[in-house]
Amino acid sequence: MNRRTFFVLLGVPGAGKGTQAKLLEDRLGIPQISTGDIFRYNLKNETELGILAKSYMDKGELVPDEVTIRMVEDRLTQPDAKGGAILDGFPRNLVQAQAFDKITEPYGGVSLVPLIHISDEEAMRRITGRRVCRSCGAVYHVEFNKPKVADVCDLDGGELYQRNDDKPDTVRNRLYVYYKQTSPLIGYYFAKELLVELDGNRPIDQVQDELMGLLGERDAVA
Ligand code: AP5
Ligand code: MG
């Protein structure tokens, strides 16, 4: 079986996982796989999966593992993932991480796990000002990463909207769920010598440059 490159981005909601993954896909030639984006796409198209996911997402809770793992497994069979993928928002607990190890084992396993650090206050500031393109999913911020024209996507002219789960109360619960369920993955990947830590409290391009340095190196080794 061919070796593939799998990068797992970790960090609290708002750390910049989606922002960085979107920039990395072109530069590394492997796709971003964001489970949150796939759930939102299904919701927009009113599929059964989307309707199920909504009931969890609106509260900031995790969608059940079985559904999520199967969805990622399916996504990885698509041709654009034949060289690997940048995982954004998955795995999100130990059950998902162990399942992902099994899924990726034939391809050499997880390659590297960058953890992007920001404070909870910064997370709240970023998420409550976030705007997302309705058609392509590009991410903006009303203050830190403004589109050229207010409420219009620079890339495809799509309408920018505020995510339903970006209200302060829901964000606080997402942070709580992160600390309770996702943060144990820091130790999990540290023990596997796959964890690298980055300061996310810097401009987007600086974080991107550091990530490219780390991932580009590992990509060349894989
Ligand atoms: P998901 O969509 O994954 O949301 P999240 O993990 O809460 O992460 P965010 O998308 O909020 O943050 P991000 O790190 O991507 O930040 P971004 O780049 O947008 O999940 C949503 C829900 O789906 C979950 O709550 C759950 O219900 C469900 N779900 C998803 N995956 C699941 C799974 N595996 N299992 C079960 N359920 C699952 O940046 C944030 C803002 O900051 C933007 O406005 C951006 O412009 C700005 N910004 C980014 N970087 C910088 C910077 N360096 N400086 C200044 N501003 C910046
Ligand atoms: Mg995201």
Side-chain angles (χ1 to χ4, degrees), residues 8-24 32-43 49-50 52-73 75 86-97 99-100 114-133 137-147 153-154 160-183 185 198-211:
V8 171
L9 297 186
L10 280 185
V12 292
K17 303 180 296 293
T19 300
Q20 297 298 334
K22 278 237 177 302
L23 296 168
L24 287 171
Q32 167 201 28
I33 296 182
S34 158
T35 39
D37 284 355
I38 304 176
F39 287 136
R40 280 184 288 278
Y41 175 83
N42 275 277
L43 182 57
L49 174 63
L52 170 87
K54 182 177 163 52
S55 58
Y56 295 92
M57 291 171 85
D58 282 353
K59 289 183 276 183
E61 298 292 332
L62 297 188
V63 177
D65 291 334
E66 202 194 300
V67 177
T68 309
I69 293 164
R70 198 169 350 111
M71 185 176 86
V72 171
E73 224 168 347
R75 177 63 186 86
I86 306 151
L87 280 303
D88 159 14
F90 180 92
R92 227 174 170 98
N93 60 24
L94 285 170
V95 171
Q96 293 183 10
F100 194 57
L115 165 63
I116 307 175
H117 284 287
I118 61 163
S119 68
D120 294 348
E121 292 73 29
E122 180 66 12
M124 291 298 292
R125 255 196 305 276
R126 287 190 186 177
I127 293 186
T128 45
R130 171 167 51 198
R131 298 293 181 273
V132 183
C133 174
V139 181
Y140 299 88
H141 190 281
V142 291
E143 206 183 318
F144 310 137
N145 184 18
K146 291 184 190 176
C153 179
D154 292 351
L160 304 187
Y161 77 106
Q162 186 164 25
R163 270 170 46 178
N164 216 21
D165 59 345
D166 280 354
K167 299 182 193 92
D169 278 354
T170 316
V171 177
R172 268 187 287 275
N173 193 45
R174 280 162 55 200
L175 281 165
Y176 173 72
V177 168
Y178 173 85
Y179 287 116
K180 207 164 166 215
Q181 303 200 45
T182 309
S183 69
L185 299 189
L198 289 95
D199 175 10
N201 288 298
R202 292 174 297 162
I204 292 169
D205 56 345
Q206 278 185 28
V207 179
Q208 176 67 195
D209 287 347
E210 190 180 348
L211 266 173

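Ligands are counted one by one from 1 in listed order, and the atoms in each one are counted from 1 as well. All values derive from a computational prediction rather than experimental measurement.
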Checking Gln208, Gln32, Glu210 against Gln20 for side chain to side chain donor-acceptor pair (under 3.5 Å), the one that qualifies is Gln208
Exercise. With no hydrogens and no angle check, is any side-chain donor or acceptor of Lys17 less than 3.5 Å from a backbone partner on Gly11?
Worked result: yes
Distance col, row Thr35:OG1 vs Arg40:CZ, nearest 0.5 angstrom, shows 8.5 Å
**OP:** Kindly check if the number of other-residue, nucleotide or ligand heavy atoms within 6.0 Å of CZ (Phe144) is above 12?
**Re:** yes
In chain-and-number order, ligand 1 lies under 4.0 Å from a heavy atom of each of Val12, Pro13, Gly14, Ala15, Gly16, Lys17, Gly18, Thr19, Thr35, Gly36, Phe39, Arg40, Met57, Glu61, Leu62, Val63, Thr68, Gly89, Phe90, Arg92, Gln96, Arg126, Ile127, Arg130, Val139, Tyr140, His141, Phe144, Asn145, Arg163, Asp165, Arg174, Gly200, Arg202, Pro203, Ile204
Residues Val177 and Gly60: closest non-hydrogen pair is CG2-O, 3.5 Å
Between Phe100 and Leu87, the two heavy atoms sitting closest are CZ-CD2, 3.5 Å
